[in-house]
Amino acid sequence: NQTILMKDLAGTDFIYGSVAGAEVLEKLRALNLPGGTVLEVDFTDMRVIDPCFIRDGLASFLKIHCGSIGLFVTNVPNVDIVENAALGFKAKGLPMLMKSADGSGTVVAELTSSVKELIRITYGKKEMTTHQLAKELNVSAPNASAKLKKMFIQGLLLATKSTAESGGLEYLYRPFFITGEVRFANE
């Protein structure tokens, strides 16, 4: 994992607008993060963030690197920033993931009950294979594979290829952080 302070990245604690978002997007892209990196964006000391900034900055970065780089936010100081950031991610069709100081996670997105169940399962483990999920949910391997792939496409998990016990290839899916408790903003 790599941590970046939003205040340092943006150069201010009061940031708004798509132009500022595009500037942050370019700074993030210039980092040349390798696939599999999880980026923690720390909002400590931020006073104002608007949805356009998030949409054209963080959410655009995540959309470009969806599945290969994960991103979550921490230390969000107030509900206004949570709501504005969530709107920015929503504009790109992405969930916003937050990790609290107590280690719990919050997902801000409109999700089905089955996806919420999958988040609770996958975010409680270091990694998950299709076989493991199929066994846990008592479903077929193709069904479990489709569920994990959907979460990957939605920007909720990272995936890497590895060698399966059978000798073939399989994907290892992993969350952006591990938590024993996941909440959903709309519950």
Please examine the side chains of Ile54 and Phe89, heavy atoms only from C-beta on, and report whether any two atoms are closer than 4.5 Å.
yes

Return the minimal non-hydrogen interatomic distance between Asp13 and Asp45, and the atom names on each side.
CB-O, 3.3 Å

Could you tell me whether the side chain of Glu170 reaches within less than 4.5 Å of the side chain of Thr130, counting heavy atoms only?
no

Would you say the side chains of Arg183 and Ser104 form a donor-acceptor pair under 3.5 Å?
yes

Which heavy atom of Leu97 sits nearest a heavy atom of Val107, and at what distance?
CD2-CG2, 4.2 Å

Dump the intermediate steps for side-chain contact (heavy atoms from CB on, under 4.5 Å) on Phe53 and Val24, then the final yes or no.
CA-CA 9 Å; Phe53 166 76; Val24 163; 3.5 Å; yes

Does any non-hydrogen side-chain atom of Phe177 lie less than 4.5 Å from one of Val38?
no

Does the side chain of Val82 reach to within under 4.5 Å of the side chain of Met98, using non-hydrogen atoms?
yes

Whether Phe14 and Tyr16 hold their rings parallel, tilted or perpendicular, with breakpoints at 30° and 60°:
perpendicular

In this structure, CG of Asn75 is separated from CE of Met46 (nearest 0.5 Å) by 12.5 Å

Quick check: closest heavy atoms across Lys63 and Leu94, and the distance to 0.1 Å?
N-CD1, 3.7 Å

Dump the intermediate steps for salt bridge (Lys or Arg N to Asp or Glu O under 4.0 Å) on Lys147 and Glu117, then the final yes or no.
CA-CA 11 Å; Lys147 290 176 185 298; Glu117 177 187 10; over 6 Å; no

Report yes if the side chains of Gln154 and Val115 come closer than 4.5 Å at any heavy-atom pair, otherwise no.
yes

Any side-chain donor near an acceptor of the partner, Glu40 and Thr3, under 3.5 Å:
yes

State yes or no: do Tyr123 and Phe152 share one hydrophobic cluster built from I, L, V, M, F, W and Y residues joined by side-chain heavy-atom distances below 4.5 Å, directly or via other members?
yes

Are Leu111 and Leu133 connected, step by step, through hydrophobic side chains (Ile, Leu, Val, Met, Phe, Trp, Tyr) whose heavy atoms are closer than 4.5 Å?
yes

Between Lys90 and Glu110, is there a side-chain N and carboxylate O pair less than 4.0 Å apart?
yes

Can you get from Leu157 to Leu137 by hopping between Ile, Leu, Val, Met, Phe, Trp and Tyr side chains that sit under 4.5 Å apart?
yes

With rounding to the nearest 0.5 angstrom, report the CZ to CG distance, Arg174 to Leu158.
5.0 Å

Ignoring hydrogens, what is the shortest heavy-atom contact between Arg120 and Val182? Give both atom names and the distance.
NE-O, 3.9 Å

Check whether any side-chain heavy atom of Arg29 sits under 4.5 Å from a side-chain heavy atom of Phe61, and report yes or no.
yes

Taking C-beta and beyond as the side chain, do Leu25 and Ile64 meet within less than 4.5 Å on heavy atoms?
yes

Start with the C-alpha gap between Thr74 and Phe72, add the side-chain angles, then the distance that decides, and say whether side-chain contact (heavy atoms from CB on, under 4.5 Å) holds.
CA-CA 7 Å; Thr74 57; Phe72 66 95; 3.5 Å; yes

For the CG atom on Asn138, are there more than 12 heavy atoms of other groups (residues, nucleotides or ligands in this structure) within a distance under 6.0 Å?
no

Working note: Asp50 + Asn84, criterion side chain to side chain donor-acceptor pair (under 3.5 Å); need CA distance, chi angles, decisive distance, verdict.
CA-CA 5 Å; Asp50 87 323; Asn84 284 342; over 6 Å; no

Side-chain donor/acceptor of Glu26 to backbone N/O of Glu23, under 3.5 Å:
no

Leu156 and Phe176: which non-hydrogen atoms are nearest, and at how many Å?
C-CZ, 3.9 Å

Please check if atom NZ in Lys149 has more than 12 non-hydrogen atoms from other residues, nucleotides or ligands closer than 6.0 Å.
no

Checking Met151 against Ile119 for the side-chain contact (heavy atoms from CB on, under 4.5 Å) test, could you report, in this order, the C-alpha distance in whole Å, the side-chain angles of both residues, the deciding distance, and whether it holds?
CA-CA 8 Å; Met151 290 180 66; Ile119 290 170; 3.7 Å; yes

Over all heavy atoms of both residues, which pair between Ala185 and Val108 is shortest? Give the atoms and the distance, please.
CB-CG2, 3.8 Å

Rounded to the nearest 0.5 angstrom, the NZ-OG distance for Lys92 and Ser60 is 3.5 Å

Side-chain (Thr129) to main-chain (Gln132) donor-acceptor, under 3.5 angstrom
yes

Quick check: is Leu71 connected to Ile4 through a chain of hydrophobic side chains (ILVMFWY, heavy atoms under 4.5 Å apart)?
yes

Using side-chain contact (heavy atoms from CB on, under 4.5 Å) as the criterion, point out the one residue from Leu58, Ile69, Leu62 that pairs with Leu28.
Leu58

Roughly how far apart are Thr37 OG1 and Gln2 CD, rounded to 0.5 Å?
7.0 Å

Any chance you could measure Arg47, atom CZ, to Thr12, atom OG1, to the nearest 0.5 Å?
7.0 Å

Between Leu172 and Met128, does the side-chain contact (heavy atoms from CB on, under 4.5 Å) criterion hold? Intermediate values first, please.
CA-CA 6 Å; Leu172 285 177; Met128 175 77 57; over 6 Å; no

Looking at NZ of Lys150 and CG of Leu148, how far apart are the two atoms once the value is rounded to the nearest 0.5 Å?
12.0 Å

